[in-house]
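Protein chains get the first letters and strands the later ones, always in sequence-line order, with residue 1 at the start of each.
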2 protein chains.
Amino acid sequence: MDAEFWVYFGTFQWNVPILNSKPESSQVPSSRKPPRPNQRKRPTILDVARRAGVSKSLVSLVIRGDARVSPSNRGAVLEAVAELGYRPNAMARGLVQRRTRMVGVVVSDLSNPFFGDVVSGIQRRARELEYTVLFSTGDRQQDLEVEAIESLLELRVDGLILAGPRIEFETIEGFGRSAPLVVLHRPTADDWSDSVTNDDPKGAQIAVEHCASLGHTRIAHIDGGPGAGAQARREGYEQAMHRLGLERHILVVTGGFTEKPGRRGAQELLSRRPLPTAVFAANDLCALGALNAFEESGLTIPEDISLLGYDNTSVAALRHVSLTSIHQPSVRMGRMAVDRLFERIDKGRTEPRHDVVSPSLVVRDTTGPVPGGGE
Amino acid sequence: MDAEFWVYFGTFQWNVPILNSKPESSQVPSSRKPPRPNQRKRPTILDVARRAGVSKSLVSLVIRGDARVSPSNRGAVLEAVAELGYRPNAMARGLVQRRTRMVGVVVSDLSNPFFGDVVSGIQRRARELEYTVLFSTGDRQQDLEVEAIESLLELRVDGLILAGPRIEFETIEGFGRSAPLVVLHRPTADDWSDSVTNDDPKGAQIAVEHCASLGHTRIAHIDGGPGAGAQARREGYEQAMHRLGLERHILVVTGGFTEKPGRRGAQELLSRRPLPTAVFAANDLCALGALNAFEESGLTIPEDISLLGYDNTSVAALRHVSLTSIHQPSVRMGRMAVDRLFERIDKGRTEPRHDVVSPSLVVRDTTGPVPGGGE
DNA sequence: GTGAAAGCGCTAACAC
DNA sequence: GTGTTAGCGCTTTCAC
């Protein structure tokens, strides 16, 4: 952009703009720290080679930790690297290696605490396998999610993990043809991707059975509306009720995966008679919304109504909330996703694999015995 | 790795492993969808050029949306792109342009809901400026945070945002010399980076004044321990108390930025006599821990004790919690961070800029008039 | 052990 | 309008 010239001086390369020669008095007396923009030309492997008096290939060997380099040369190279502040260019390396050792992770909603553990599991496992993780998000919007995936693919990540994607199945399948792909929290069934999901119907069943074991029969469900997994949880609820011979008590109202619809669902339940004595909500936030509605109407939890959530997020664990919930092993699921990718990338697996992990019950303070001992 | 041979056929290039010739019966009768690993050689700009019968430069022009390409050629190129499923290689492009239009964002703790809004603001503003955002995290660990930053720098992102970094100031300054850098939530003072922070002392002052306006005088503080910003909030509290002539009521106990230390801090407060009538906690989670402790000891909030948090996170907003809190304009701060970067990258600004934004009060249901009307 | 040379996939002059 | 050419910064044969 601006005219510049370059000066080599000692161990540093300085970028001295010709324009813009202001007093520069604001800092130290211009000793070893001349003011300059931080966009100076970055040293390349060639700069290091020249400085160390060797060839670029030799520098490359040292950087990659190759054993067959003489100690003296290794020392010289390392010194030059330090002096110049050399940092290898991952793009150049990736270009020639056709391999980046990067996995891209697209999280549908980074601000949802639900993904915290998943992300943590992914991060840790990737590190063990010496992969770098790049996160991106569609910020809850389908089109942005696609953009995020495209960017990662253009960067040539070695593999892709989609955590709770909001996009269409066909789109997902298309990406699966472009790179090793693992989908989390949404079961895929195609030949092009792996998936790691939790057994939603099973989780719903566990929830219902927990209520039943406490003597409840009028167990209602506030569903997740159009949310992914909502249908499976609803069906699981209905099947479990049938299996327990409680089909005449089946009661499903519309909710959603956030607080507000949960609240509305609960209000709807409050208008029914007889009132249910236990409510299984589609997820924790939904349950929280219901909790408010119930408490505001003067009911006590769990004395009057038992309440369960799903996902066992950090909010459920807050002592002030202490919500009984169905736990998904999120950290493990994150780790598994990375393992699946690794198998495809480094072990050459090509057959799709679809894992379903089991949810479990975490009993806290919002569930208790049925009031009065029965219906 | 494995022996392979390549077959050109129609519009697709197939990668047919010689080994592993299993029944392949699981899918369609091997018509247009032969089973194959998704690691097939990806088409390059040259493949597109050949297919469209033009030169690579022409393809390049079309892809970058240059106007001076004849409609017929443009059509041919676009067709070839679609047929081959061509996706430009961002590494190759970045290498020659020395520009990636990517900004790297390192979040110290992705599972902390506090960062949700910041991330959202960053994402949205970056999109407006046509930058791609790459997130990474150190997962709460200093060394991993450095690794994450290094990786992003090796990828040659055009700029870097560190959200609530846990690493040393000198390290941060070092990175600032490598690339345009904006630090969020931690004030830097060097010449190498910009910073965007919230005015912690001011926030603390607002909290204290709110309590005072409700008649409270015995206002205590549970601090954030060693957490970043904790000291500024503590000092702000003390100054505000002085300014209101309440210095003899200054009471600070050790806490932290999570639930458990908040709980312990509250228990410590409960052992003091006279009890404070209002408590300002270092952040929302800390306040939540205190809330539990208070409620368990039989106190009612806000009738017996008023309670304030800081950060106005999503948990504070939960109706069931409804915690009065000091709000930081997180979304705006995220946007500002991107703007600062943009100024350095695209507008050539080199003087450091340190922005401090004002916090504000969000009154909810955990603060109320002092019991009995005074001390 | 070390160096020379080719080339990864793309853009950016510069011709025509 | 379109093609040719020369790199971007690195790894990778292949000589020596």
Contacted region of DNA chain D by chain B, from 5' end to 3' end of the hits, cut-off under 4.0 Å to heavy atoms, spans dG1(D) to dG9(D)
Note: contacts of residues 54-71 of chain B with DNA chain C (heavy atom, under 4.0 Å) are Lys56(B), Ser57(B), Ser60(B), Arg64(B)
Whole Å only: how far is the [atom1] atom of [X] from the [atom2] atom of [N]?
X         : N       : atom1 : atom2 : value
Asp47(B)  : dG9(C)  : CG    : P     : 8 Å
Glu154(A) : dC10(C) : CD    : C1'   : 12 Å
Arg87(B)  : dC10(C) : CZ    : C1'   : 16 Å
Leu46(B)  : dC8(C)  : CG    : C1'   : 12 Å
Arg98(B)  : dA12(C) : CZ    : P     : 11 Å
Gln97(A)  : dG9(C)  : CD    : P     : 13 Å
Arg99(B)  : dA12(C) : CZ    : C1'   : 16 Å
Arg50(B)  : dC10(C) : CZ    : C1'   : 15 Å

Residue set satisfying side chain to side chain donor-acceptor pair (under 3.5 Å) with Ser195(A), at least two apart, ordered chain then number -> His354(A)
Contacts of Arg87(A) meeting side chain to side chain donor-acceptor pair (under 3.5 Å) (sequence neighbours excluded), chain-then-number -> Glu150(B), Ser178(B)
For this session: Check for a donor-acceptor pair, side chain of Thr44(A) on one end and backbone N or O of Leu46(A) on the other, with a separation under 3.5 Å.
Result: yes
Sidechain-backbone polar pair: Gln142(A) side chain, Arg166(A) backbone, donor-acceptor under 3.5 Å
yes
For residues 65-73 of chain A, please give each side-chain donor-acceptor pair under 3.5 Å, one per line with the distance, not counting sequence neighbours.
residue  : atom : partner  : partner atom : Å
Asp66(A) : OD1  : Arg68(A) : N            : 3.0
Asp66(A) : OD1  : Arg68(A) : NE           : 3.3
Ser70(A) : OG   : Ser72(A) : OG           : 3.4
Ser70(A) : OG   : Asn73(A) : N            : 3.3

Residues passing the salt bridge (charged side-chain N to carboxylate O under 4.0 Å, His left out) test with Arg335(A), sequence neighbours excluded, are Glu128(A)
Across all chains, not counting sequence neighbours, the salt bridge (charged side-chain N to carboxylate O under 4.0 Å, His left out) partners of Arg93(A) are none
Partners passing side-chain contact (heavy atoms from CB on, under 4.5 Å) against [X] (at least two apart in sequence or in another chain):
X         : value
Leu78(A)  : Val62(A), Arg74(A)
Ala52(B)  : Val54(B), Ala76(B), Val77(B), Ala80(B)
Ile149(A) : Val106(A), Leu153(A), Leu160(A), Leu162(A), Ile167(A), Phe175(A)
Arg353(A) : Asp194(A), Arg340(A), Glu343(A), Arg349(A), Asp355(A)

Per-helix bend value, the helix from dG1(C)-dC16(D) to dC16(C)-dG1(D), C1' rotation axes over five pairs per end, 10° rounding, shows 40°
